[in-house]
2 protein chains.
Amino acid sequence: MSNKKITLKDIATILNISTAAVSKAMHGDSRISDKTKQAVKKVAKELNYQPNHLASALRKGKSNLVGVIVPRTNSNFFSSVIQSIEEVLNANGYQIIITHSNESYKKECSNIDTLLFTQVDGIIASMANETTDLSHYEKIKSKGIPLILFDRGENDLNVDYIGINDYDSSHLIIEHLIAQGKKRIAHIGGYRRTRIFNNRIRGYIDAIKKNNLPTDDELLIESSLTIEDGRDKMQQLLNLSNRPDAVYVASDYAALGALQVLQENNIAIPSDIALVGFGNEPFTAMVTPTLSTINQHSAEIGKRAAETFLNLVDTPDLKQSLNKQILEAALIVRDSSNLVVQFDSAQCKC
Amino acid sequence: MSNKKITLKDIATILNISTAAVSKAMHGDSRISDKTKQAVKKVAKELNYQPNHLASALRKGKSNLVGVIVPRTNSNFFSSVIQSIEEVLNANGYQIIITHSNESYKKECSNIDTLLFTQVDGIIASMANETTDLSHYEKIKSKGIPLILFDRGENDLNVDYIGINDYDSSHLIIEHLIAQGKKRIAHIGGYRRTRIFNNRIRGYIDAIKKNNLPTDDELLIESSLTIEDGRDKMQQLLNLSNRPDAVYVASDYAALGALQVLQENNIAIPSDIALVGFGNEPFTAMVTPTLSTINQHSAEIGKRAAETFLNLVDTPDLKQSLNKQILEAALIVRDSSNLVVQFDSAQCKC
DNA sequence: TATATTTGCTTAATCGATTAAGCAAATATA
DNA sequence: TATATTTGCTTAATCGATTAAGCAAATATA
């Protein structure tokens with residue numbers, strides 16, 4: 001009984017008017033009398049009517065759904081971006097569908113198929129680590145559906161992009177470490193094929209050269225940037241005959257693994273080896289010692305991604321093009337790289 | 001040109017057959033000749049045809065979408081449950097739509113509206129901290145849409161539920177702490193109105209009584225269980241004239257806050273005060289000292305929730321009823337509560 | 001008073017895919 | 001050879017909501 005779904009037709013039958021009139025009354029059409037509007041709304045409420053989204057979306061050719069693809073949901077950066085996207089889009093009548101690729105190329109392809117299948121009006125995505133082939137993204141473009149990339153993007157796709165200045169961020173870190181008196185700085189970076197990690201590597205190399213420090217091949221290592229791989233790569237650096245005195249890791253997760261290895265080997269941080277991560281994940285402020293890192297402005301990135309989408313759907317004549325929005329990131333100096341203030345202020349008894 | 005969406009009709013026109021035949025050919029209907037099937041599939045591929053999900057879902061009265069509501073996405077427990085749900089459902093032809101309530105009652109209501117609006121075939125949810133009124137969940141039930149709750153559930157709703165044995169988990173913790181020689185054990189618990197937290201509190205009280213330890217009102221504190229509130233409540237315990245010698249916190253996040261306060265006050269863990277959390281969030285193994293906690297079997301919970309849904313849709317005559325599936329949780333003893341082995345094995349040089 | 005405009009609806013088509021019903025040709029069976 | 005069955009499609013209706021087109025009554029304007 002209450003199980004049966006209520007349709008516009010049910011309301012129309014009760015009021016003895018056409019479904020067209022009911023539909024218009026629900027949408028406040030000016031050509032429907034106030035009397036009818038009120039009657040319709042009253043009955044709709046009584047029957048607990050909820051419009052069938054599938055039917056209206058099919059007819060209107062617009063689903064008011066936006067797909068979001070992130071590599072992982074358990075990173076604070078991505079969940080913060082999502083929250084911010086959702087805020088902006090909800091306020092504009094859109095709902096979001098979240099999918100995650102789990103850093104897998106195959107999963108990313110199936111995510112895109114799912115989202116296209118669900119007839120989303122747009123897709124906001126950050127690419128998986130594994131992704132190099134871009135044909136699945138081209139598919140989105142070819143369907144004329146707005147596509148916006150953030151953080152993990154790709155120049156070749158020629159779509160809107162929002163991210164931070166990775167190249168400059170590397171300079172911030174290297175210059176900070178040099179100011180701490182460090183002279184042999186290693187970099188555990190991401191895969192070069194991913195643009196952001198490539199930029200961080202280029203920034204690292206250029207900053208090292210600019211400051212006339214040695215650019216040593218054994219100091220630059222590519223990594224998948226998981227905790228485990230961070231451990232492995234740190235161990236690899238410790239095995240060098242000429243160890244680094246500072247390590248810049250391109251992800252907080254890998255930096256955490258590196259931190260564990262340093263502690264297990266009783267290496268003083270930051271005096272023997274200083275450590276800097278990337279991303280400002282909440283745990284960086286929780287571990288001992290607290291970890292210096294880069295703040296990526298996740299909320300701002302999400303906000304801009306959503307606004308870019310809204311801009312694209314509202315002006316369909318606007319051609320999709322590579323409109324890069326690059327935010328300046330900020331270095332957060334904590335205990336793992338701070339030689340100037342050696343004591344933890346919270347523990348200071350003075 | 002390539003922008004226009006391809007429909008069954010386009011394929012039908014090219015092959016000079018009816019759309020009905022095309023539709024059947026795509027679905028492998030036995031009454032369509034192999035010749036036609038192959039021709040249809042060939043053209044569909046050439047045109048890059050993708051079925052319009054809105055149209056088929058509308059016609060079939062089934063969207064093959066399942067809504068998931070979680071309080072937060074940045075907790076490892078929830079993202080692990082989601083991953084597990086997704087695995088099982090994808091294998092059975094369903095896609096999931098993830099929404100998060102951000103622990104807000106209002107947001108949870110709007111999540112449900114969104115999901116019903118999207119015509120999901122079922123909803124798998126874990127309730128927000130704030131939620132006490134259940135009418136929005138009743139709305140799901142009244143529409144005859146399968147509803148499954150996990151972790152944060154509610155007896156009154158009389159729907160399927162998957163969770164762990166919170167009551168017994170408290171016993172595990174208290175008995176472990178007593179075995180460590182602790183005699184004055186405090187509990188920073190969640191809100192009693194949330195069933196799981198109420199069960200943990202009941203378990204705590206009963207285990208204390210069973211072991212003839214003092215049940216002191218000042219040792220039992222309700223909390224929102226955030227990091228910040230964990231800090232506040234730990235400080236409150238430290239301010240007592242008669243401090244506890246162990247603290248059981250109903251969430252890893254709040255336990256982390258408590259840990260910070262203990263360290264800032266130079267209190268030896270676990271000898272002065274032992275600490276146990278709840279949830280086995282990854283960071284519990286990363287902090288110093290590592291945090292004892294309860295493993296909630298997130299993957300198993302997700303798997304069972306998904307299977308319960310599949311069971312419910314496949315047998316529509318099956319009445320929704322409170323079929324509780326309670327898993328036994330496991331205590332993970334780490335440095336924060338382990339007095340027997342005082343040294344960190346990784347640092348041991350013997 | 002005669003015409004023009006506005007108001008408040010209805011009718012019918014539509015968005016794409018699916019499916020019950022049915023028909024003609026091909027094949028099988030008696 | 002006559003009838004029954006199977007094969008391979010087509011026709012037409014349907015899922016609900018929306019919207020262009022249009023019509024009659026009410027109201028405004030000349």
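None of these values were measured; they are calculated from a predicted model. So you know, we letter chains A, B, ... as the sequences are listed, proteins then strands, and number each from 1.
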| 5'-most contact on DNA chain D: Asn16(B) or Ala21(A), nearest heavy atom basis? | Asn16(B)
Could you list, one pair per line, each protein nitrogen or oxygen that sits under 3.5 Å from a nitrogen or oxygen of nucleotides 27-29 of chain D, together with the distance?
none

Would you tabulate the nitrogen or oxygen pairs shorter than 3.5 Å linking the protein to nucleotides 16-18 of chain D?
unit_1	atom_1	unit_2	atom_2	d
dG16(D)	N2	Ala55(A)	O	3.1
dA17(D)	OP1	Tyr49(A)	OH	2.5
dA17(D)	OP1	Asn52(A)	N	3.2
dA17(D)	OP2	Leu8(A)	N	2.4
dT18(D)	OP1	His27(A)	NE2	3.3
dT18(D)	OP2	Ser23(A)	OG	2.9
dT18(D)	O2	Arg59(A)	NH1	2.2

| With a 4.5 Å heavy-atom cut-off, do His100(B) and Phe78(B) have their side chains touching? | no
| Watson-Crick and G-U pairing of DNA chain D, under 3.5 Å, as dot-bracket with | and [ ] | ||||||||||||||||||||||||||||||
| query | Which whole-number value in Å describes the distance from Leu15(B) CG to dC9(D) C1'? | reply | 13 Å
In residues 21-31 of chain B, what donor-acceptor pairs under 3.5 Å come from side-chain atoms, sequence neighbours left out?
unit_1	atom_1	unit_2	atom_2	d
His27(B)	ND1	Ser23(B)	O	2.8
Asp29(B)	OD1	Arg31(B)	N	2.8

| request: Check Val66(B) against Tyr94(B) and note the closest heavy-atom contact, atom names and distance. | output: CG2-CD2, 3.8 Å
| Measuring from Lys45(B):NZ to Ile11(B):CD1, what's the distance to the nearest 0.5 Å? | 13.0 Å
| message | Which residues in residues 34-42 of chain B have a heavy atom closer than 4.0 Å to any atom of DNA chain D? | response | Thr36(B)
| Side chains of Val88(A) and Arg304(A): closer than 4.5 Å at any heavy-atom pair? | no
| Quick one: are Ile145(A) and Leu147(A) in side-chain contact, heavy atoms under 4.5 Å? | no
| query | Heavy atoms, side chains only, cut-off 4.5 Å: are Gln119(A) and Asn52(B) in contact? | reply | yes
| said: Quick one, Gln95(A) and Ile97(A) - any side-chain contact, counting heavy atoms below 4.5 Å? | reply: no
| Taking the side chain as C-beta and beyond, is there a heavy-atom pair between Val159(A) and Tyr137(A) under 4.5 Å? | no
| field | Residues forming a ring pair (Phe, Tyr, Trp, His ring centres under 6.0 Å) with His53(B), sequence neighbours excluded | value | Phe117(A)
| field | Ile69(A) side chain reached by Ile123(A) side chain, heavy atoms, under 4.5 Å | value | yes
| query | With a 4.0 Å cut-off on heavy atoms, is Ser18(B) in touch with a base, just the backbone sugar-phosphate, or nothing at all? | reply | base
| query | In Å and rounded to the nearest 0.5 Å, what is the CD to OG distance from Glu86(A) to Ser79(A)? | reply | 11.5 Å
| field | Qualifying residue, where the test is side chain to side chain donor-acceptor pair (under 3.5 Å) with Tyr105(A) and the options are Thr131(A), Asp133(A), Thr132(A) | value | Asp133(A)
| message | Between P on dT19(D) and CZ on Arg31(A), what's the gap in Å once rounded to a whole number? | response | 15 Å
